[in-house]
Structures are given as C-alpha cells and as structure tokens.
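Quick note: numbers below take in every heavy atom, side chains included, and nothing from hydrogens, waters or symmetry partners. Letters A, B, ... mirror the listed sequences (proteins, then strands); counts begin at 1.
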Amino acid sequence: MMLLELHRYPADSLVVFDFETTGLSPDMGDRAIEIGAVLIENGRITDRFQQLMNPGIRIPLFIENLTGITNAMAKESRSNAQVMADFYEFIAGRNLVAHNASFDERFLRAEFKRIKKTFSGGIACSLLASRRIFHDAPNHQLATLASYKNLPTEGIYHRALADAEVTAHLWLRLLDELRAQQGFTQLSFGFMHQLTKTPKHQLRKLYAQQR
DNA sequence: TGCCAGGCCCTCTTTAGGGCCTT
C-alpha cells in the first residue's frame, strides 16, 4: 500500500485487534471464534470491542485448552457474520495494528470476504516493529515483550481483548522508544507501516529521511 | 495432541533451509 493511501486515515486514531481462531489457516478451513480490539486515540485507549462468535464448526480440543473458549461458549454466541459486520463498523475509516499481523490479516480478510466486505486501510505489525526497535528482547512473543517492557497486563493471554490490550500498550511503547532512540518528534502510522516493510539493513536510510 | 500455513529473517544464501511468530 502506498504511503499516501495510509494518510487518508487519521494518524492519531487506530485500532489494535486480535483474533482467537480454530487453527492457523483460513485457507485450510479454520475460522475466527473471538475478536478483541481497542481503539487508540491520541496515545490513549478510548474504546474496546470484544465478541465471541459461533463459527458453525467444531473447536478443536487443543484450542479449547489454549484459549478457554469452549464449543458450548461458541454455540451460545452470535454468528461470525453478525459479529464481523459489527467489527467492520468499529474499524471503519481507521488503520489497524496486530501482533504478527500477517496472521490476523488473513483471518480478517477471510471473514470479511464471507460477508462481502473488504478492508481498505493499512495494517501494521507490532512484531515486525519490535524486531526493528527492541534489539535486546529475549524473543518477540507478545507475552515475553510484555514482561520485558513491564507492560500493563492482567496475566491473561490467548483471549482476544486481553491480547489486543497488551499489543496496544506494546505499540505505544514502540513509538515512545523509537522517538527516544532516533530523536523523532512525530511518528505517523504511515511511517510505522513503512518501518515494518523496510529491511533491517536499510533502516538507517529510512531514519535519515524521517529527520 | 498440534503435525497443518504463510511471511519474515538470518545464514553455512540467492539454484535453500530452517527458526520465529500467530491459533
């Protein structure tokens, strides 16, 4: 996506989101079972979105154990189509952030395709940004980074809203540290998106252009 | 009980392989 396109959306407003799913691949038939998201405006969390959903297929036992989301819970929930239609409204006109965004983006586009909707904003990845900014992190798993940077957390992982909240705090910390490391005064979503697409060995050049 | 996928990224690379991340 061109940088100019990203600038159509407000730079000071974005949605950090996270899916829980039945597996790793929508192309293999896996479906979303929970969506969690937080709205960040001017560096603060100002709204939240969390919905379980009923994908109409069985949730594997491994996923029930991993997430605590059971088949009974999904069965009592609204359909993926209903929930995703609401989520489409929640993110309208905003750019998105997710941890390992390529994963969540695949499910986002697959679930939207089923209800004949498309998302045209930008999606940035906190994992790729972390690899470029937190050089000394033990690894770049969400839980590790939360511990490494003492991010606010309730100790809950593999639930959509909890993971989205931690990712939101991580994203804000990444912005803070990049400002501190490089002396930047402003960091747009477009720049952060470009950062995650830039090979590490070309970062110095990108930073020079930003100054 | 995750073995499934896919993109990133490093290196013993580019005519490739494998670890890291996400559920």
Side-chain angles (χ1 to χ4, degrees), chain A residues 1 15-38 49-74 77 80 83-84 87 96-114 119 122-149 151 153 155-171 173-174 192-206:
Chain A
M1 171 166 295
V15 171
V16 183
F17 76 109
D18 181 72
F19 278 116
E20 302 306 315
T21 70
T22 62
L24 294 173
S25 174
D27 290 341
M28 299 284 284
D30 289 319
R31 298 295 305 275
I33 56 175
E34 185 179 43
I35 177 76
V38 299
F49 184 103
Q50 181 178 34
Q51 290 280 306
L52 286 166
M53 49 190 129
N54 181 359
I57 62 172
R58 185 150 193 86
I59 300 172
L61 180 60
F62 170 74
I63 297 295
E64 287 190 320
N65 291 335
L66 179 72
T67 65
I69 300 169
T70 64
N71 280 283
M73 291 163 67
S77 303
N80 285 41
V83 171
M84 292 307 297
F87 188 63
L96 304 179
V97 169
H99 197 66
N100 199 21
S102 66
F103 173 86
D104 292 283
E105 180 173 359
R106 281 197 298 277
F107 279 94
L108 184 80
R109 297 200 186 282
E111 293 292 343
F112 277 166
K113 188 177 180 183
R114 288 173 176 268
F119 175 73
I123 305 179
C125 178
S126 56
L127 185 150
L128 296 181
S130 176
R131 284 179 177 163
R132 285 160 175 74
I133 297 169
F134 294 156
H135 305 290
D136 297 330
N139 61 57
H140 298 275
Q141 295 172 28
L142 186 59
T144 301
L145 293 170
S147 173
Y148 173 63
K149 289 295 174 184
L151 302 177
T153 166
I156 299 167
Y157 290 97
H158 296 298
R159 286 303 299 265
L161 182 59
D163 285 357
E165 295 245 19
V166 174
T167 303
H169 289 296
L170 170 62
W171 187 253
R173 184 66 63 85
L174 285 163
M192 292 300 290
H193 187 269
Q194 193 172 10
L195 171 82
T196 64
K197 301 294 182 187
T198 301
K200 282 185 174 179
H201 67 276
Q202 293 178 6
L203 282 178
R204 191 172 297 179
K205 187 177 174 184
L206 178 71

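Contact between A/S126 and A/H99 at its shortest, heavy atoms only, is OG-ND1, 2.7 Å.
Distance check: A/I59 CD1 to A/N54 CG gives 8.0 Å after rounding to the nearest 0.5 Å. In this structure, the separation between CG on A/L128 and CG on A/L195 is 9.0 Å, given to the nearest 0.5 Å. The structure places CZ of A/R114 at 6.0 Å from CD of A/E111, a figure rounded to the nearest 0.5 Å. Atom-to-atom distance recorded for A/L206:CG and A/R132:CZ is 10.0 Å, nearest 0.5 angstrom. Summarising the geometry, atom CE belonging to A/M84 is positioned 11.0 Å from atom CD belonging to A/Q51; distances are rounded to the nearest 0.5 Å.
Straight-line distance between the C1' atoms of B/dC12 and B/dG19: roughly 15 Å, to the nearest whole Å. B/dT15 and B/dC20 have their P atoms separated by 26 Å, with the value rounded to a whole Å. Comparing B/dG6 with B/dT23, their C1' atoms are spaced 13 Å from each other, to the whole Å. A distance of about 25 Å separates the C1' atoms of B/dC3 and B/dC10, rounded to the whole Å.
Between the CD1 atom of A/I33 and the P atom of B/dT23 there is a distance of 11 Å, rounded to whole Å. Whole-Å rounding puts the A/L66 CG to B/dC3 P distance at 13 Å. A/I57 has its CD1 atom 12 Å from the C1' atom of B/dT23, to the nearest Å. Going from atom CG of A/D18 over to atom C1' of B/dT22 covers 9 Å, rounded to whole Å. Whole-Å rounding puts the A/L170 CG to B/dC21 P distance at 13 Å. In this entry the distance linking CG of A/N139 with P of B/dC9 reads 16 Å, nearest Å. Atom CD of A/E111 and atom P of B/dT23 are 16 Å apart (whole Å). Rounded to an integer number of Å, the gap from OH of A/Y157 to P of B/dT22 is 11 Å.
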Under 3.5 Å, which protein N or O atoms sit close to an N or O of nucleotides 10-12 of chain B? Give each pair with its distance.
unit_1: B/dC10; atom_1: OP1; unit_2: A/K200; atom_2: NZ; d: 3.3

Protein N or O to nucleotides 6-8 of chain B N or O, pairs below 3.5 Å:
unit_1: B/dG6; atom_1: OP1; unit_2: A/D27; atom_2: OD2; d: 3.3

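Below 30°, between 30° and 60°, or above 60°: for A/F107 and A/F103 the angle between ring planes is between 30° and 60°, a tilted geometry.
For A/K113, the salt bridge (Lys or Arg N to Asp or Glu O under 4.0 Å) criterion is met by no residue, not counting sequence neighbours.
Residue contacts shown for A/P60 include a base, since a base heavy atom lies under 4.0 Å away. In this structure, A/I63 reaches the bases: a heavy-atom distance under 4.0 Å links it to at least one base atom across the strands shown.
Proximity of A/D18 to A/D104: side-chain heavy atoms (C-beta onward) are separated by under 4.5 Å at one or more points. The shortest distance between side-chain heavy atoms of A/L174 and A/F134 falls below 4.5 Å.
For A/N65 and A/F19, each mapped to the nucleotide of DNA chain B holding its nearest heavy atom, the one lying further toward the 5' end belongs to A/N65. Of the residues near DNA chain B, A/L61 and A/D30, the one whose nearest nucleotide (by heavy atom distance) lies more toward the 5' end is A/L61.
Distances shorter than 4.0 Å separate some side-chain N or O of A/H158 from OP1 or OP2 on B/dT23.
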